[in-house]
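Working notes, beginning with the structure itself.
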Amino acid sequence: MLFSRMFIPTMKEDPKEAEVVSHRLMLRAGFIKKLSSGIYTWLPLGLRCLRKVERIVREEMDGKAAQEILMPSVQPKELWVESGRWDLYGKELLRFRDRNDRELCLAPTHEEVITDLVRKEVRSYRELPLILYQIQTKFRDEIRPRFGVMRSREFIMKDAYSFDTDEQGAEKSYMAMFDAYTNIFGRCGLRFRAVEADTGEIGGKFSHEFMVLADTGEDVIISCEECGYAANLERAEVGRAGAPSDKTGGSYSRVRTPGKKRVEEVAAFLNVAPHDLVKTLIFTTDRGTVGVLVAGDREVNPVKLKNMLAFKFVELADEAAIEQATGGPLGFSGPIGLDIPLYADNDLLSMSAFVVGGNERDVHVVGVERDDFKVEGHYDLKVARAGDVCPRCGGRLTATRGIEVGHIFKLGTKYSEAMNAVFLDPEGKDRPMVMGCYGIGVGRTVAAAIEQNHDENGMALPFAIAPFEVEVLPVNTSHAESMEIAGSLYRALLAHGVDTILDDRDERPGVKFKDCDLIGIPLRVTIGERGLKEGKVDIKTRNDKEPVRVPKEEVLERVMEHVNAAKSR
RNA sequence: CGGGACGUAGCUCAGCAUGGUAGAGCACAGCGUUCGGGACGCUGGGGCCGCUGGUUCAAGUCCAGUCGUCCCGACCA
């Protein structure tokens with residue numbers, strides 16, 4: 001490809017709309033262009049990068065006997081009603097009507113359509129297992145799209161779905177996908193980690209998220225260096241710490257804490273540490289109003305609360321509900337004398353002489369022991385943080401940031417039962433298929449790669465996904481010998497199957513160097529009069545400061561060494 | 001959804017408090033000088049000042065509405 005003929009609108013200045021590095025660089029390097037909030041056009045360079053990721057994804061999917069299909073992105077309401085998600089999915093599901101007033105939606109995911117497809121076509125256990133996948137544009141009407149293609153409304157996703165006859169088969173499919181994902185992100189040249197995750201609205205048994213490690217990531221990964229336990233923050237468990245307290249209660253007293261609502265305010269006022277307080281959070285759930293107790297310096301993890309105690313939904317109560325349940329205003333809730341089910345975090349087991357709310361304006365209770373009130377039980381309900389005890393091995397947990405690029409779920413029979421996707425087993429009996437679903441944010445993977453691989457000059461993309469592998473850069477296009485050598489090297493590299501761009505523009509060298517660095521081409525060959533005086537040209541990798549000067553006769557061979565080394569990694 | 005800000009050239013922004021011929025730098029075109037890390041000079045093209053309405057002799061500037069974009073928050077006890 002000739003640089004001069006390619007549509008590469010690079011920018012010298014930072015567009016003000018971009019906050020994070022990947023977004024800024026993708027705009028500056030001419031990878032993407034915004035059309036509307038959360039909606040982007042992929043320009044030639046960005047698309048090349050995207051296609052390279054897609055290609056790796058296809059190869060690894062095909063390697064696990066998954067078969068590619070392409071499903072519609074406009075889908076009828078009926079299927080979503082059948083799965084129960086027409087009502088469950090909130091405003092993120094973009095709905096509209098056609099000319100016949102039929103209700104439709106723009107697909108945020110494809111479980112419904114795939115389940116419909118497979119239930120109509122697959123009859124027998126002999127046709128299973130089956131794994132189908134697609135690479136499709138999805139639409140989720142995000143509350144707040146941001147960070148460019150990292151969190152956009154329209155985005156490109158690879159989604160795969162597995163159908164098995166039983167749990168064991170489903171597990172095998174799951175492991176195959178786990179394996180494929182590990183290969184995919186590895187081949188993309190990314191540093192990543194697979195972590196245990198919550199299944200959320202998609203539902204199902206268990207799941208893993210594949211997180212690209214980057215300080216700018218939106219997600220927090222909790223992990224244990226000692227045993228390898230890793231989970232996202234929503235899901236991360238915390239082991240118990242501290243010996244149980246055996247103090248008996250009855251000696252608490254009520255104190256006035258005028259206007260002190262926040263934990264820090266109360267703690268400072270009473271001259272105790274925040275950890276000596278117990279917060280009583282009132283939740284509205286499908287089983288009525290409940291209270292949750294955690295230490296003052298901790299937060300309740302609503303996802304764990306929901307899963308641990310098998311609620312269908314949990315939501316923090318509003319002020320009216322709090323007053324109704326506790327008799328006191330927001331900020332002064334406490335467990336003593338409260339007539340709703342109370343669930344305590346494990347921390348409370350070892351706490352003694354703590355402070356709670358008095359269920360009355362400006363009143364707290366001090367010197368409380370845990371037998372001063374009754375709880376339904378003690379559970380792991382708090383948000384994990386660095387320094388907590390590992391739930392598996394008792395080691396220390398650490399926190400890292402990451403970007404979620406892949407997510408795999410074991411769905412079980414949730415959709416197959418709801419939508420009657422059954423097969424005939426060898427005994428001639430109908431059984432629901434056991435499903436799994438597996439997603440990769442392809443566009444987001446590109447952004448994550450940039451987030452993880454850049455410097456002050458621009459992107460430094462991994463070889464496997466860079467828009468070009470090599471740039472041939474003649475310093476002076478009007479110098480005949482330079483152009484001749486550049487041209488023949490360019491053609492030779494193309495003939496060797498190397499993805500090469502020739503910067504044939506009549507620009508000053510500085511401009512060409514800057515552009516080359518900005519768009520992150522891993523390998524650059526500079527051909528200039530200065531080197532040619534000694535019969536040499538310069539080879540420089542994106543990540544090295546200084547070029548290596550090699551005889552012009554050897555340049556093809558030397559470049560191929562680099563290319564082959566990069567390809568075999 | 002709540003709060004904040006911003007919409008002026010392709011990009012970054014000035015002009016607006018006090019209404020009176022639409023500006024700079026970068027980018028773009030031509031010419032010349034340059035040429036191994038975003039050159040310089042001269043010349044030139046480019047604007048429904050987001051949109052609609054209002055006030056006024058006169059609106060980029062004042063007022064109202066509207067649309068768009070960005071940021072922050074949406075776990076507080």
Ion pair A:Glu17/A:Lys34, N-O distance below 4.0 Å:
yes

[X] [atom1]: over 12 foreign heavy atoms closer than 6.0 Å:
{"X": "A:Gln324", "atom1": "CD", "result": "no"}
{"X": "A:Phe311", "atom1": "CZ", "result": "yes"}
{"X": "A:Arg361", "atom1": "CZ", "result": "no"}

Counting side-chain heavy atoms from CB outward, which of B:G37, B:C71, B:A27 is closest to A:Arg524?
B:G37

Heavy-atom donor-acceptor pair, A:Asp517 side-chain to B:G37 base, under 3.5 Å
yes

Given the structure, check if the side chain of A:Asp538 and the base of B:G36 hold any donor-acceptor pair shorter than 3.5 Å.
yes

Which residues in [range] have at least one heavy atom lying under 4.0 Å from any atom of RNA chain B?
{"range": "residues 500-513 of chain A", "result": "A:Arg508, A:Pro509, A:Gly510, A:Val511, A:Phe513"}
{"range": "residues 258-267 of chain A", "result": "A:Lys261, A:Arg262, A:Val263"}
{"range": "residues 336-359 of chain A", "result": "none"}

Within the structure shown, what part of the strands sits under 4.0 Å from A:Arg28 by heavy-atom distance: base, sugar-phosphate, or nothing?
base

Touch class at under 4.0 angstrom, heavy-atom based, for A:Gly334 against every strand present:
nothing

A:Glu529: which residues meet the salt bridge (charged side-chain N to carboxylate O under 4.0 Å, His left out) condition with it, sequence neighbours left out?
none

Any residue meeting side-chain hydrogen bond (donor to acceptor under 3.5 Å, both in side chains) with [X], in chain and number order, not counting sequence neighbours:
{"X": "A:Lys260", "value": "none"}
{"X": "A:Glu218", "value": "A:Arg151"}
{"X": "A:Glu299", "value": "A:Lys279"}
{"X": "A:Glu315", "value": "none"}

Work out how far the [atom1] atom of [N] is from that of [M], and round it to whole angstrom.
{"N": "B:C28", "M": "B:G46", "atom1": "C1'", "value": "9 Å"}
{"N": "B:G25", "M": "B:G45", "atom1": "P", "value": "15 Å"}
{"N": "B:C13", "M": "B:C57", "atom1": "P", "value": "37 Å"}
{"N": "B:G7", "M": "B:U52", "atom1": "C1'", "value": "15 Å"}
{"N": "B:C1", "M": "B:U61", "atom1": "C1'", "value": "33 Å"}
{"N": "B:G23", "M": "B:G44", "atom1": "P", "value": "13 Å"}
{"N": "B:G53", "M": "B:C70", "atom1": "C1'", "value": "27 Å"}
{"N": "B:G60", "M": "B:A9", "atom1": "C1'", "value": "14 Å"}

Summarise how protein sits on nucleotides 1-14 of chain B as a single string, 5' to 3': B when a protein heavy atom is under 4.0 Å from the base, S for sugar-phosphate-only contact, - for no contact.
B----S----BSS-

Going by atom type alone, with no hydrogens or angles, which donor-acceptor pairs under 3.5 Å involve a side-chain atom of residues 336-345 of chain A and a protein atom two or more places apart or on another chain?
{"unit_1": "A:Asp345", "atom_1": "OD1", "unit_2": "A:Leu381", "atom_2": "N", "d": "3.0"}
{"unit_1": "A:Asp345", "atom_1": "OD1", "unit_2": "A:Lys382", "atom_2": "N", "d": "3.3"}
{"unit_1": "A:Asp345", "atom_1": "OD2", "unit_2": "A:Asp347", "atom_2": "N", "d": "3.0"}
{"unit_1": "A:Asp345", "atom_1": "OD2", "unit_2": "A:Lys382", "atom_2": "NZ", "d": "2.9"}

Could you state the [atom1]-[atom2] distance from [X] to [N], rounded to the nearest angstrom?
{"X": "A:Arg151", "N": "B:C72", "atom1": "CZ", "atom2": "P", "value": "12 Å"}
{"X": "A:His364", "N": "B:A77", "atom1": "NE2", "atom2": "C1'", "value": "8 Å"}
{"X": "A:Glu456", "N": "B:G37", "atom1": "CD", "atom2": "C1'", "value": "13 Å"}
{"X": "A:Leu330", "N": "B:C76", "atom1": "CG", "atom2": "P", "value": "11 Å"}
{"X": "A:Asn476", "N": "B:C35", "atom1": "CG", "atom2": "C1'", "value": "7 Å"}
{"X": "A:Glu218", "N": "B:G73", "atom1": "CD", "atom2": "P", "value": "11 Å"}
{"X": "A:Glu360", "N": "B:A77", "atom1": "CD", "atom2": "C1'", "value": "16 Å"}
{"X": "A:Lys514", "N": "B:A39", "atom1": "NZ", "atom2": "C1'", "value": "14 Å"}

Within less than 4.0 Å of OP1 or OP2 of [N], is there a side-chain N or O belonging to [X]?
{"X": "A:Lys540", "N": "B:G36", "value": "no"}
{"X": "A:Ser36", "N": "B:U69", "value": "yes"}
{"X": "A:Ser478", "N": "B:C35", "value": "no"}

Show which side-chain atoms of residues 535-542 of chain A pair as donor or acceptor with protein atoms under 3.5 Å away, not counting sequence neighbours.
{"unit_1": "A:Asp538", "atom_1": "OD1", "unit_2": "A:Arg549", "atom_2": "NE", "d": "2.8"}
{"unit_1": "A:Asp538", "atom_1": "OD2", "unit_2": "A:Arg549", "atom_2": "NH2", "d": "3.1"}
{"unit_1": "A:Lys540", "atom_1": "NZ", "unit_2": "A:Asp544", "atom_2": "O", "d": "2.9"}
{"unit_1": "A:Thr541", "atom_1": "OG1", "unit_2": "A:Asp544", "atom_2": "N", "d": "3.2"}
{"unit_1": "A:Thr541", "atom_1": "OG1", "unit_2": "A:Asp544", "atom_2": "OD2", "d": "2.8"}
{"unit_1": "A:Arg542", "atom_1": "NE", "unit_2": "A:Met459", "atom_2": "O", "d": "2.9"}
{"unit_1": "A:Arg542", "atom_1": "NE", "unit_2": "A:Asp517", "atom_2": "O", "d": "3.1"}
{"unit_1": "A:Arg542", "atom_1": "NH1", "unit_2": "A:Asp455", "atom_2": "OD2", "d": "2.8"}
{"unit_1": "A:Arg542", "atom_1": "NH2", "unit_2": "A:Asp455", "atom_2": "OD1", "d": "2.8"}
{"unit_1": "A:Arg542", "atom_1": "NH2", "unit_2": "A:Gly458", "atom_2": "O", "d": "3.3"}
{"unit_1": "A:Arg542", "atom_1": "NH2", "unit_2": "A:Met459", "atom_2": "O", "d": "3.0"}
{"unit_1": "A:Arg542", "atom_1": "NH2", "unit_2": "A:Asp517", "atom_2": "O", "d": "3.2"}

Is there a donor-acceptor pair closer than 3.5 Å between any side-chain N or O of [X] and the backbone N or O of [Y]?
{"X": "A:Glu554", "Y": "A:Val550", "value": "no"}
{"X": "A:Arg24", "Y": "A:Ala18", "value": "no"}
{"X": "A:Thr445", "Y": "A:Gly443", "value": "no"}
{"X": "A:Asp504", "Y": "A:Ser4", "value": "yes"}

Across all strands, who's sitting opposite [N] as a Watson-Crick or G-U wobble pair, both distances under 3.5 Å?
{"N": "B:U61", "answer": "none"}
{"N": "B:C70", "answer": "B:G4"}
{"N": "B:A24", "answer": "B:U12"}

Taking syn as a glycosidic torsion within 90° of 0 and anything else as anti, which one is B:A64?
anti

Verdict with reasoning, A:Ile222 to A:Asn232, per side-chain contact (heavy atoms from CB on, under 4.5 Å)
CA-CA 6 Å; A:Ile222 299 290; A:Asn232 74 10; over 6 Å; no

Across all chains, not counting sequence neighbours, the ring pair (Phe, Tyr, Trp, His ring centres under 6.0 Å) partners of A:Phe332 are A:His364

How do A:Lys279 and A:Asn457 order along RNA chain B: which one's closest nucleotide is nearer the 5' end?
A:Asn457

